[in-house]
Protein chains: 2
Amino acid sequence: MQVKPTSKSANPGSSEDASGLRMTRQRQEVYRVLLAQRDHPTANDVFMRVKDGLPHISLATVYNCLEVLVEHRLVRQVNFEREPSRYCPNLEEHCHFHDQHTGVIHDVKFKPGVRLGDVLDLPNGAVIEDVEINLRGQLSLA
Amino acid sequence: MQVKPTSKSANPGSSEDASGLRMTRQRQEVYRVLLAQRDHPTANDVFMRVKDGLPHISLATVYNCLEVLVEHRLVRQVNFEREPSRYCPNLEEHCHFHDQHTGVIHDVKFKPGVRLGDVLDLPNGAVIEDVEINLRGQLSLA
DNA sequence: GAATCAATTTAGAATAATTCTTGCTATTGG
DNA sequence: CCAATAGCAAGAATTATTCTAAATTGATTC
C-alpha cells in the first residue's frame, strides 16, 4: 500500500553518528554511563545507573543499547567465565585482569610492538577477527 | 535388599587417582569420552556420548563430573562469549581459536619461550593464577 | 502541520545453560 | 557389620539473556 519512494526513510542523515548509529536518548545515556564510570559494569549495573537520568528505561532496552553499541564497536563486551557480561568503553587494544581479591577488573595493555603472530603458533591461514585475553589472579602487595 | 556385593560393584579397590579424585564409573566415562574425541564438546555433547556406555547417567551427574574434573585440573573449561561451556582434556598451556566458518575450535600453542610478562604490561605485583586466550576468526584457504 | 513508516522502546513472557534440592545408593574407615 | 561420607539421579529452581507483541518515536515527505 505504500506508494512511497522511501528513498532514505530508514536512516536519515543527521541522526547518525560517525559509526552509523542512531543516537537515541537511551543509547546516549547508556554510553554516557559507561564512559563516566569505567569499572566494567554488568547490564544490570548499567540499568541501575541509567535510571537516574531515564527513570522509565527498561532492562530490555539497556540490553538492546549495549548490543548495538557493541555491534558498532563503541563498546566491548567482556566475559569472564560464565559470569554476567560486563561492558567496557576502552577501545584501545587491551586485555583484562580480574583481581579475585577485590573483584576489580583492570585493563591491561600489550607491551609496545607485540604482535599475536609473534607469540602464538597460529594455524596456517588463520585470520584473526577478535582476540580476548582474560587473566585471573591477585595483586600481591609484597 | 541386596546383602552387599561390594567387591566389584562400582568402585574397585584403589579409589583415588593421583590427583586425589575418586574415580567413579561415571567420572571415568566422562573423562574417557573427553579423551576419546577432543573436539571441545559441551556438557550436553558429553552427556550424549557417555550415554552409550552408561545409559542411566543423568545430565546433572555429567555436570558434577565435569566440575570435579575441572577442579582437579584434569580438564579445562573453555568459554567462548556466552556460549555453553566446552571441555578440553589438553593440559598443555594453550589457547583456543574458534573458526567461525566451520565452528571448529583449534588448540593453539604458544611459541617456545614466550612469557606473559614479556608481552603484557601487567599491573605491579600481579600474580596470575589463570590465563584464558580466545581467538575468533577463520581459516582462509588462500 | 499531518501522514507515513521503519526503527526503537517497553513490559512481560520465554529460553536455556547451569545449579540446587532431595532422597537414595555406594563406599570407606572403624 | 555399622556409621559416616561421598556420589548419583530426577526434577525443580535459578538467572542472565533473548524474544514477542504492542506502543512510541521521530525523521521525512506531503
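In what follows, every chain begins at residue 1, and chains take the letters A, B, ... in the order their sequences are listed.
- Per the geometry, CD belonging to A:Glu29 stands 18 Å off P belonging to C:dT8, to the nearest Å.
- When each of D:dC8, C:dT18, D:dT17 is scored by its nearest atom to the side-chain atoms of B:Leu59, the top-ranked nucleotide is C:dT18.
- Of the candidates C:dT27, C:dT10, D:dC8, C:dT10 carries the atom nearest the A:Ala60 side chain, counting heavy atoms from C-beta on.
- Rounded to an integer number of Å, the gap from B:Arg22 CZ to C:dT27 P is 8 Å.
- Side-chain proximity of A:Pro84 to C:dT18, D:dC8, D:dT17: nearest is D:dT17.
- For the side chain to side chain contact (heavy atoms under 4.5 Å, CB included) with B:Phe47, the lone residue among B:Thr61, B:Val30, B:Ile57, B:Val33 that qualifies is B:Ile57.
- OP1 or OP2 of D:dC8 lies within a sub-4.0 Å distance of a side-chain N or O belonging to B:Thr24.
- Remark: P of D:dC8 and CG of B:Leu54 are 10 Å apart, rounded to the nearest angstrom.
- Going from atom CG of A:Asn79 over to atom C1' of D:dT17 covers 12 Å, rounded to whole Å.
- Looking at B:His98 and A:Asp130, their side chains never bring a donor and an acceptor atom within 3.5 Å of each other.
- Nearest to the side-chain atoms of B:Tyr63 among the listed nucleotides C:dT18, D:dT17, C:dT27 stands C:dT18.
- B:Gln26 has a side-chain polar atom (N or O) that falls below the 4.0 Å cut-off from OP1 or OP2 of D:dA9.
- Distances were taken from every side-chain heavy atom of B:Cys65 (C-beta onward) to each of D:dC8, C:dT9, D:dT17; the shortest belongs to D:dC8.
- Distance from the side chain of B:Ser85 is smallest to C:dT18 among C:dT18, D:dT17, C:dT8.
- One atom, CG of B:Asn64, and another, P of D:dG11, lie 16 Å apart when rounded to the nearest Å.
- At whole-Å resolution of the value, CG in B:Asp45 and C1' in C:dT18 are 15 Å apart.
- Side-chain contact of B:Arg86 with B:His96: a donor-acceptor pair under 3.5 Å is absent, judged by distance alone.
- Among D:dG7, C:dT9, D:dA16, the nucleotide with an atom closest to any side-chain atom of A:Thr61 is C:dT9.
- As judged by a 4.0 angstrom heavy-atom cut-off over every strand, B:Asn44 is placed among residues making no nucleic acid contact.
- Rounding to whole angstrom units, CE of residue A:Met23 and C1' of C:dT8 are separated by 14 Å.
- Here the nucleotide nearest the side chain of A:Arg82, chosen from D:dA9, C:dT8, C:dA17, is C:dA17.
- The closest donor-acceptor contact from the side chain of B:Arg76 to the backbone of B:Leu91 lies at 3.5 Å or more, if one exists at all.
- We find that CZ of A:Arg25 is positioned 14 Å from P of D:dA27, with the value rounded to whole Å.
- Residue A:Asp45 holds its CG atom at 8.5 Å from CD of A:Gln37, rounded to the nearest 0.5 Å.
- The B:Ser58 side chain lies nearest to D:dA10 when the options are D:dA10, D:dT17, C:dT18.
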